[in-house]
Undergrad: 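Shown below is the structure under consideration.
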Amino acid sequence: MKSVIYHAFSQKEAKEFDVQLPGAQQAEAFVRAFLKRSLPHMSQQAHEDHLQRKAVVLEYSARRKRKEKKKKSKGLSARQRRELRLFDIKPEQQSYNLFLPLHELWKQYIRDLCGGLKPDTQPQMIQAKLLKADLHGALVSVTKSKCPSYVGVTGILLQETKHVFKIITKEDRLKVIPKLNCVFTVEIDGFISYIYGSKFQLRSSERSAKKFKAKGTFDL
């Protein structure tokens with residue numbers, strides 16, 4: 001009677017003879033299923049690479065939240081602002097006396113900017129400061145212009161754009177004066193400064209970086 005000898009294969013022998021024990025098959029199936037469930041973002045090839053390693057490190061797969069790009073709110077365009085008439089001065093607001101407090105605030109602003117206006121203050125220094133200062137609230141007069149109807153218009157400056165001054169006169173009339181081909185004077189505490197509109201066609205926010213010549217030129 002032949003005796004049956006049971007031999008336990010080592011891992012090397014099992015691999016050499018392509019022998020897989022039932023327990024090994026179950027273990028491999030379990031590991032494959034576990035990897036697939038635990039690492040759903042990995043491809044099948046990546047799973048196979050993990051199985052070839054001596055140690056399998058199971059990582060927690062946290063879903064990365066996609067950062068939603070916040071849309072920056074764009075402001076209104078110049079055309080939209082004009083259509084909405086945002087900067088229009090209503091007729092009931094066109095009163096000279098209504099803006100006198102603004103003029104007083106502007107004078108104090110210029111005094112502080114110039115370090116105090118004294119009789120011995122150099123006019124050139126005041127002129128240089130005024131050319132870069134905010135003129136809203138200033139008392140402005142038109143002294144020269146190619147259009148004779150503008151000459152003599154005097155009032156408080158309410159709005160300044162790149163090309164025009166909007167002035168409210170003592171007669172409560174709103175005048176829109178183009179800067180081009182006009183010379184303006186600004187008076188404060190007895191000091192008079194000249195503004196050559198043709199060289200002054202800038203927005204008030206852009207003047208601080210602008211270099212102005214000491215003497216302007218104007219042809220009529």
Undergrad: Within this structure, what is the CZ-OH distance for the pair Arg173 and Tyr96, rounded to the nearest 0.5 Å?
TA: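 Here the rounded value is 15.0 Å.
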Undergrad: Is there a path of hydrophobic side-chain contacts, each under 4.5 Å between heavy atoms, that joins Ile167 and Phe200?
TA: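 Yes: a chain of side-chain contacts under 4.5 Å links Ile167 to Phe200.
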Undergrad: Looking at Thr143 and Val183, would you say the former's side chain and the latter's main chain have a donor-acceptor pair under 3.5 Å?
TA: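 It does hold such a pair.
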Undergrad: When you group the ILVMFWY residues by side-chain heavy-atom contacts below 4.5 Å and let the links chain together, are Tyr150 and Val164 in the same group?
TA: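 Result: no, two separate clusters.
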Undergrad: With rounding to the nearest 0.5 Å, note down the distance linking CD1 in Ile168 to CZ in Phe99.
TA: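 The CD1 atom of Ile168 sits 6.5 Å away from the CZ atom of Phe99.
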Undergrad: Quick one: pull up NZ in Lys175 and OG1 in Thr169 and give me the separation to the nearest 0.5 Å.
TA: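 Nearest 0.5 Å value for the NZ-OG1 distance: 6.5 Å.
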Undergrad: Is the CZ atom of Arg111 crowded by more than 12 outside heavy atoms at less than 6.0 Å?
TA: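 Enclosed.
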Undergrad: Please answer: with hydrophobic residues joined when any side-chain heavy atoms are less than 4.5 Å apart, are Leu157 and Leu100 in the same cluster?
TA: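 No, Leu157 and Leu100 fall in different hydrophobic clusters.
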Undergrad: For Ile195 and Leu135, what are the C-alpha separation, side-chain angles and deciding distance, and is it a side chain to side chain contact (heavy atoms under 4.5 Å, CB included)?
TA: CA-CA 11 Å; Ile195 294 175; Leu135 297 178; 3.7 Å; yes
Undergrad: Within the side chain of Tyr109, is there an N or O that forms a donor-acceptor pair under 3.5 Å with the backbone of Asp134?
TA: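 Flag set: sc Tyr109 to bb Asp134 pair under 3.5 Å.
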Undergrad: Hey, does the side chain of Lys179 reach the backbone of Leu202 with a donor-acceptor pair shorter than 3.5 angstrom?
TA: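 Here the side-chain-to-backbone pair exists.
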Undergrad: Counting only heavy atoms not in Tyr194, do more than 12 fall under 6.0 Å of its OH?
TA: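 Counting neighbours around OH of Tyr194, 12 or fewer heavy atoms of other residues, nucleotides or ligands fall under 6.0 Å, so no.
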Undergrad: For Lys166, does the NZ atom have more than 12 heavy-atom neighbours from other residues, nucleotides or ligands under 6.0 Å away?
TA: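 Counting other residues, nucleotides and ligands, NZ of Lys166 exceeds 12 neighbours.
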Undergrad: Is it the case that the side chain of Gln94 and the backbone of Ile89 share a donor-acceptor pair, with hydrogens and angles ignored and the cut-off at 3.5 Å?
TA: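 Yes; judged by distance alone, with no hydrogens or angles, the pair exists.
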Undergrad: Could you tell me whether a side-chain N or O of Lys146 sits under 3.5 Å from a main-chain N or O of Leu180, the two making a donor and an acceptor?
TA: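 A pair under 3.5 Å: no.
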Undergrad: Calculate, to the nearest 0.5 Å, the distance between atoms CD1 and CZ belonging to Ile177 and Phe184 respectively.
TA: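 So the CD1 of Ile177 and the CZ of Phe184 are separated by 6.5 Å.
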Undergrad: Start with the C-alpha gap between Leu113 and Leu130, add the side-chain angles, then the distance that decides, and say whether side chain to side chain contact (heavy atoms under 4.5 Å, CB included) holds.
TA: CA-CA 9 Å; Leu113 187 65; Leu130 281 175; over 6 Å; no
Undergrad: Looking at every non-hydrogen atom in both residues, tell me the closest pair between Ser193 and Gln127 and how far apart they are.
TA: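 Nearest heavy atoms, Ser193 then Gln127: CB-OE1, 2.9 Å.
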Undergrad: Quick check: closest heavy atoms across Met125 and Cys114, and the distance to 0.1 Å?
TA: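 Nearest pair, atom of Met125 first, then Cys114: CE-O, 3.7 Å.
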Undergrad: Measuring from atom NE2 of His103 to atom CG of Leu139, what distance do you get when rounded to the nearest 0.5 angstrom?
TA: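 Reported to 0.5 Å precision, the distance equals 5.0 Å.
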Undergrad: Verify side chain to side chain contact (heavy atoms under 4.5 Å, CB included) between Phe191 and Ile110, making sure each step is shown before the conclusion.
TA: CA-CA 11 Å; Phe191 291 93; Ile110 294 300; over 6 Å; no
Undergrad: Closer than 3.5 angstrom, by distance alone: can the side chain of Ser198 be matched with the main-chain N or O of Asn181 as a donor-acceptor pair?
TA: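 Yes: the side chain of Ser198 pairs with the backbone of Asn181.
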Undergrad: To the closest 0.5 Å, what do you measure between CD (Gln201) and OG1 (Thr161)?
TA: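 Answer rounded to 0.5 Å: 9.5 Å.
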Undergrad: Are Phe165 and Ile188 connected, step by step, through hydrophobic side chains (Ile, Leu, Val, Met, Phe, Trp, Tyr) whose heavy atoms are closer than 4.5 Å?
TA: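 Yes.
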